[in-house]
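Inspection log for the structure reproduced underneath, given as structure tokens.
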Amino acid sequence: MKSSTDPVQNLAKLIACPSITPAEGGALSALEAMLSPLGFSVERPVFSEEGTPDVENLYARRSGNGPHLMFAGHTDVVPVGDETAWSYPPFSAAIHNGEMYGRGAVDMKGGIACFAAAVGRYIDKNRDLKGSISFLITGDEEGPSINGSRKLLEWAKAKGESWDAAIVGEPTNPGKLGDMIKIGRRGSLSGTIVVHGIQGHVAYPHLADSPLPGMLMLLESLLYPALDNGTKDFQASNLEVTTIDVGNPALNVIPGKATATFNIRYNDTWSDETLMAEIHNRLDKAAGRRKLRPGKRAPVNYELIWRDRPSHVFLTHDNKLIETLTSSVESVTGERPQLSTSGGTSDARFIKDYCPVVEFGLVGKTMHMVDERVAIADLETLTQIYERFIADFFA
Ligand SMILES: [Zn+2]
């Protein structure tokens, strides 16, 4: 077997590259070396933005006249954590008991290794492929995601690129290969509330104004009632208060300021605009209440600061694409995968603005952990699923 058709060799080469975000680490060069012999033209644009590190990305296309299928993913990996806790060095790609160890083994160098192998096998059998296949690979998925897929998509579109469908190779299976396809993702929105009071002596509360009762009322209004009960395709939206900070070490001081931060994972009941409006509305109403602050001036003196950019919720409606992937998984594994929108965000949130997108990859159990590892057998199975998917897509 030539190396680019062997996912195990492909993955070993990728794992050997220490591509912790934002370092390229040799990983894009390794992928370029797999794709160039298959007839791909490869470009590696570097994107910059003030305040963030420059990031190198890769776009490879093998052109034809038919439909255009994009495979998307990232070669960057999260840090290894406590390296001494690993059973094998995290960039050694050691194989033990039928599993390959290494940072990125499942998230998601493994997915890339399998897709490259699948394309290699398919092109070997179909030299005159009419369609186009492209790889849209970023080095900035695990980091701030500013100089990554979003800019790479804009850059490619500006060159005249367009796509009919995309598959993202993130690890989507919770337990075993074939469990789950992702056909959408929840949105994510974060905010920080700052409540301003008046610092003072606890024995003279009439001279002070604690920010804490006001903060409690504001947070209660966000937590209750529930945002929604879920939809046909999504679980219920959820707001988590992630931190409440006062920083007051004294027992006899009423603090002057309190902050709290929350994150919402939301479903398609909302857009980021309607959800932001709902949050503002709830806070404004709660700020006017005196329940916990008798005798104090209403409303609570607060500000709300939205953090980062929201990630938008999306759901893929291309049933033909979903069925093509579902039947490819089923024909190789014998399992009909569940269609899910659960879990965190992925770069599919950027791709969905350009073409329908589905996600399927390895088993995610060990992602981001010490001893991240993948079953060698899964690499072969996923390669077969991808090859089947490519064949059915172009059929
Ligand atoms: Zn990932």
Side-chain angles (χ1 to χ4, degrees), residues 7 10-11 14-15 17-25 27-28 30-31 53 55-59 70-81 90-91 93 100-116 135-153 166-175 177 179-188 265 308 311-312 314 316 325 340-352 357-375 378-379 382 385-386:
N10 287 353
L11 181 54
L14 291 171
I15 286 179
C17 305
S19 52
I20 298 168
T21 329
E24 185 270 333
L28 295 178
L31 179 59
V55 178
E56 187 168 358
N57 299 272
L58 178 147
Y59 184 71
M70 176 209 298
F71 175 83
H74 61 92
T75 48
D76 62 320
V77 295
V78 296
V80 300
F91 300 109
M100 182 180 282
Y101 286 67
R103 177 55 84 225
V106 294
D107 184 11
M108 60 159 280
K109 289 176 172 176
I112 293 173
C114 292
F115 208 83
F135 281 71
L136 186 117
I137 306 293
T138 179
D140 188 24
E141 199 274 343
E142 304 286 11
S145 297
I146 288 172
N147 293 316
S149 296
R150 195 164 45 83
K151 287 188 179 172
L152 190 54
L153 286 157
I167 178 167
V168 175
E170 291 281 6
T172 52
N173 297 284
L177 208 62
D179 282 342
M180 189 178 282
I181 289 172
K182 299 262 168 101
I183 57 163
R185 294 278 186 161
R186 291 180 294 172
S188 173
R265 296 300 164 111
D308 298 334
S311 338
H312 303 287
F314 76 94
T316 297
L325 181 56
S340 170
T341 57
S342 63
T345 63
S346 80
D347 279 0
R349 69 188 191 267
F350 303 126
I351 298 166
K352 67 106 169 53
V357 54
V358 287
E359 299 178 68
F360 185 74
L362 290 161
V363 176
K365 262 188 230 166
T366 60
M367 56 186 170
H368 295 205
M369 291 171 71
V370 161
D371 279 350
E372 181 175 349
R373 59 195 183 276
V374 61
D378 281 359
L379 294 173
L382 182 60
I385 292 170
Y386 282 156

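Note that ligands are numbered from 1 as they come in the structure, with each ligand's atoms numbered from 1 the same way. For the single chain, residues carry numbers from 1 onward in sequence order.
Residues Thr21 and Gly139 come closest through the heavy atom pair CG2-O, 3.6 Å.
Of the residues listed (Asn57, Thr75, Leu153), the one engaging Thr138 in a side-chain contact (heavy atoms from CB on, under 4.5 Å) is Asn57, and it is the only one.
Counting just the N/O/S atoms of Glu170, the one with the shortest distance to the Zn ion (ligand 1) is named OE1.
With a 4.5 Å cut-off on side-chain heavy atoms, Lys182 and Ser342 count as touching.
The aromatic rings of Phe71 and Phe115 sit parallel, their planes meeting at an angle under 30°, below the 60° perpendicular limit.
Geometry about the Zn ion (ligand 1) gives an angle of 100° between NE2 of His74 and OD1 of Asp107, rounded in steps of 10 degrees.
Not a single N/O/S atom of Glu141, whether from backbone or side chain, sits less than 2.8 Å from the Zn ion (ligand 1).
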